[in-house]
Amino acid sequence: METEPTLVNFEYALGALKEGCRMRRRGWNGLGQYVQMQQPTERSKMTAPYCYLHNTQGGLVPWVPSQGDLFADDWELA
């Protein structure tokens with residue numbers, strides 16, 4: 001018997017991102033989409049951590065949460 005994934009709020013999701021987890025929203029339309037946080041390295045042009053979205057086409061694009069994302073309670077591990 002398969003168990004339902006635990007759904008969490010953005011505060012928990014952000015903590016999980018900081019720990020290196022991939023997170024997604026159950027309410028997102030695209031299968032396979034998820035958000036992940038990147039820590040800059042010495043080779044990176046970025047100097048601070050940032051989030052990116054792995055989209056349905058397999059691309060990686062910068063991501064900033066929307067108001068809906070911030071207040072949603074349907075975040076889960078990807």
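All values derive from a computational prediction rather than experimental measurement. We number each residue from 1, following the sequence as shown. As a basis for the values below, the full set of heavy atoms in this structure was taken, side chains included, without hydrogen atoms, waters or symmetry mates.
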Trainee: Which heavy atom of Y34 sits nearest to which heavy atom of W28, and what is that distance?
Mentor: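 Shortest heavy-atom separation between Y34 and W28 comes out as CA-CZ3, 4.2 Å.
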Trainee: Of all heavy-atom pairs between C51 and L17, which one has the smallest distance, and what is that distance?
Mentor: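 That closest heavy-atom pairing would be SG-CD1, 4.2 Å.
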Trainee: Donor-acceptor pairs under 3.5 Å, side chain of residues 70-78 to any protein atom, not counting sequence neighbours: which ones?
Mentor:
{"unit_1": "D74", "atom_1": "OD1", "unit_2": "R25", "atom_2": "NE", "d": "2.6"}
{"unit_1": "D74", "atom_1": "OD1", "unit_2": "R25", "atom_2": "NH2", "d": "3.2"}
{"unit_1": "D74", "atom_1": "OD2", "unit_2": "R25", "atom_2": "NH2", "d": "3.4"}
{"unit_1": "D74", "atom_1": "OD2", "unit_2": "G27", "atom_2": "N", "d": "2.8"}
{"unit_1": "W75", "atom_1": "NE1", "unit_2": "D69", "atom_2": "O", "d": "3.1"}
{"unit_1": "E76", "atom_1": "OE1", "unit_2": "R26", "atom_2": "NH2", "d": "3.2"}
{"unit_1": "E76", "atom_1": "OE2", "unit_2": "R24", "atom_2": "NE", "d": "3.0"}

Trainee: Measuring from atom OG1 of T41 to atom CE of M46, what distance do you get when rounded to the nearest 0.5 angstrom?
Mentor: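 Here the interatomic distance stands at 12.0 Å.
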Trainee: Say whether V61 and M23 are linked into one hydrophobic cluster, either directly or through other cluster members, by side-chain heavy-atom distances under 4.5 angstrom.
Mentor: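 Result: yes, single cluster for both.
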Trainee: To the closest 0.5 Å, what do you measure between CD (Q33) and CZ (R22)?
Mentor: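 Output value for this atom pair is 13.5 Å.
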Trainee: Mind jotting down which residue pairs meet the side chain to side chain donor-acceptor pair (under 3.5 Å) criterion with at least one end in residues 44-54? Sequence neighbours excluded, please.
Mentor: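 Output for this query lists Q36-Y52.
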Trainee: To check you understand the geometry: which heavy-atom pair defines the closest contact between V35 and L53, and what is its length?
Mentor: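 Here V35 and L53 meet closest at CG2-CD1, 4.0 Å.
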Trainee: Hydrophobic clusters here meaning ILVMFWY residues chained together by side-chain heavy-atom distances under 4.5 Å, can you tell me if M37 and Y12 are in one?
Mentor: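 Linked within one cluster.
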